[in-house]
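Everything quoted here is computed from the prediction, not taken from an experiment. The analysis underlying the following values was restricted to heavy atoms, covering all of them including side chains, and did not include hydrogens, waters or symmetry mates.
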Amino acid sequence: MTRLEFIPLSPTVGVRVEGLDMRQPIDAHQARALVDAYRKHHLVLVRGQEITADQQAAFASLFGRIAIRERNTVPNERADTQHVSNARDDGVFGQGELDFHMDQLFQDDPLCALILYGVEIPAEGGDTLFANAMDAYDALPAQLKQRIDGLQCRHAYSYTGQLAEQWNMKQADANAPTAIHPMAWTEPVSGRRVIWVNKLTTVEVIGLGAEEARALTHEVRKPLYEPALGYRHCWQPGDLVLWNNKTLQHARTPFDNSQRRTLRRTPLM
């Protein structure tokens with residue numbers, strides 16, 4: 001048995017795992033240590049791995065059930081695997097900068113976790129930013145916390161036009177998924193509040209007019225951009241990153257779209 005070492009990535013988010021070879025079977029002691037690290041730190045990074053899609057899926061099974069629910073225009077090559085890519089016909093969300101968000105808040109039960117594995121990495125840019133959305137809530141002024149207590153947001157699958165085409169997503173229609181969640185969701189184990197609002201899919205604050213809702217969500221989201229509350233991941237080929245989609249928000253920095261960028265994606269319930 002190889003003992004694993006966990007090295008903090010930042011004061012608020014994530015650990016890097018040393019001593020793990022994902023090409024080999026993961027024993028029960030390693031699995032328990034990995035799950036504990038994920039629960040405690042919300043993000044786990046493993047570097048320098050040369051793994052197949054099957055090996056990635058086997059690792060993912062330690063943390064949840066693979067569930068691909070995106071409405072892709074070009075179907076995925078495998079039923080259990082996606083690619084965030086600007087270089088593949090079946091690639092999704094492959095182009096452009098992305099603001100902080102959680103995946104699938106437009107579903108009644110959003111994804112619990114995500115895995116990305118670095119396949120093709122541009123020379124510069126395309127970093128993934130992570131923000132601890134619990135610490136971000138804690139950083140809000142007390143008066144603002146009181147104001148949003150009990151407020152709910154409607155989130156919608158709203159990809160249309162050129163955006164849908166670029167991201168290999170089906171056009172939004174009358175039957176597109178929509179869901180209502182608290183603006184500050186309560187994480188059930190710790191009881192901590194988490195900011196559940198973003199620019200990508202949040203379309204309404206229930207009971208507020210559009211201008212008031214826009215101003216309020218802008219104020220609530222401000223702490224997400226504080227570098228001290230997060231972690232910036234600069235990708236290398238062979239990197240695998242697992243994170244909690246319900247407690248962390250993530251974003252993507254700009255990159256030259258003429259350079260190939262492909263990350264193998266595993267969404268988890």
Distance alone, cut at 3.5 Å: any donor-acceptor contact between the side chains of His155 and Thr202? yes
Within 45° of the axis and under 6.0 Å from the centre of the six-membered ring of Phe100, does NZ or CZ of Arg221 qualify? no
Between Tyr225 and Asp99, does any side-chain donor sit less than 3.5 Å from a side-chain acceptor? yes
Side chains of Thr266 and Gln56 only: does a donor on one sit below 3.5 Å from an acceptor on the other? yes
Using a distance-only test with no angle check, is there a side-chain donor-acceptor pair under 3.5 angstrom linking His250 and Asp103? yes
Ile180, Phe106: one ILVMFWY side-chain cluster at the under-4.5 Å cut-off? no
Correct closest heavy-atom pair for Met102 and Ile195 would be CE-O, 3.7 Å
Measuring from atom OG of Ser61 to atom CG of Leu268, what distance do you get when rounded to the nearest 0.5 angstrom? 9.0 Å
Which side-chain N or O atoms in residues 138-148 pair as donor and acceptor under 3.5 Å with protein atoms at least two apart or in another chain?
| from | atom 1 | to | atom 2 | distance (Å) |
| --- | --- | --- | --- | --- |
| Asp138 | OD2 | Arg192 | NH2 | 2.6 |
| Lys145 | NZ | Asp138 | O | 3.1 |
| Arg147 | NH2 | Glu212 | OE2 | 3.2 |

Give a yes or no on this: more than 12 heavy atoms of other residues, nucleotides or ligands lie within 6.0 Å of atom CG of Asp21. yes
Does Glu124 have more than 12 heavy atoms from other residues, nucleotides or ligands lying within 6.0 Å of its CD? no
Do you know the tightest heavy-atom contact between Gly48 and Asp239? N-OD1, 4.2 Å
So which heavy atom on Met269 is nearest to which on Ala67, and how close? CG-CB, 3.2 Å
Which heavy-atom pair separates Ala123 from Gln259 by the least distance, and what is that distance? N-OE1, 2.6 Å
Testing the 3.5 Å rule here: is there a donor-acceptor pair between the side chains of Gln104 and Glu70? yes
Ring-plane angle category for Tyr159 and Tyr157, please: parallel below 30°, perpendicular beyond 60°, tilted otherwise. perpendicular
Cut-off 3.5 Å, side chains only: do Thr52 and Asp54 have a donor facing an acceptor? no
Here the gap from Leu200 atom CG to Leu105 atom CG, rounded to the nearest 0.5 Å, amounts to 9.5 Å
Strictly below 4.0 Å, N to O, side chains only: are Lys246 and Asp109 in salt-bridge contact? yes
Glu18 with Arg16: basic N within carboxylate O range, under 4.0 Å: yes
To the nearest 0.5 Å, what is the distance between CD (Glu187) and CH2 (Trp196)? 10.0 Å
In terms of relative ring orientation, are Phe130 and Tyr231 parallel, tilted or perpendicular, with 30° and 60° separating the classes? parallel
Answer yes if the side chains of Asn86 and Asn257 hold a donor-acceptor pair under 3.5 Å, and no otherwise. yes
Identify each donor-acceptor pair in which a side-chain atom of residues 113-120 lies under 3.5 Å from a protein atom, sequence neighbours left out, and give them as a table.
| from | atom 1 | to | atom 2 | distance (Å) |
| --- | --- | --- | --- | --- |
| Tyr117 | OH | Gln49 | O | 2.6 |
| Tyr117 | OH | Ile51 | N | 3.4 |
| Glu120 | OE1 | Thr262 | OG1 | 2.7 |
| Glu120 | OE2 | Arg260 | NE | 2.5 |
| Glu120 | OE2 | Arg260 | NH2 | 3.3 |

Is there side-chain contact between Leu229 and Leu224, with at least one heavy-atom pair below 4.5 Å? no
All heavy atoms of Arg47 vs all of Cys234, minimum pair found to be NH2-O, 3.2 Å
Which residue pairs satisfy the salt bridge (Lys or Arg N to Asp or Glu O under 4.0 Å) criterion with at least one member in residues 164-184, sequence neighbours excluded? Arg71-Asp173
Just so I know, are the side chains of Arg88 and Val74 near enough to count as touching, which here means a heavy-atom distance under 4.5 Å? no
Can you tell me how far CE of Met183 sits from OH of Tyr137, rounded to the nearest 0.5 angstrom? 11.5 Å
Would you say the side chain of Val205 lies within less than 4.5 Å of the side chain of Thr217, judging by non-hydrogen atoms? yes
Please report the closest heavy-atom contact between Arg264 and Thr81, naming both atoms and the distance. CG-CG2, 3.4 Å
So, Arg23 and Gln55: side-chain donor and acceptor under 3.5 Å apart, yes or no? no
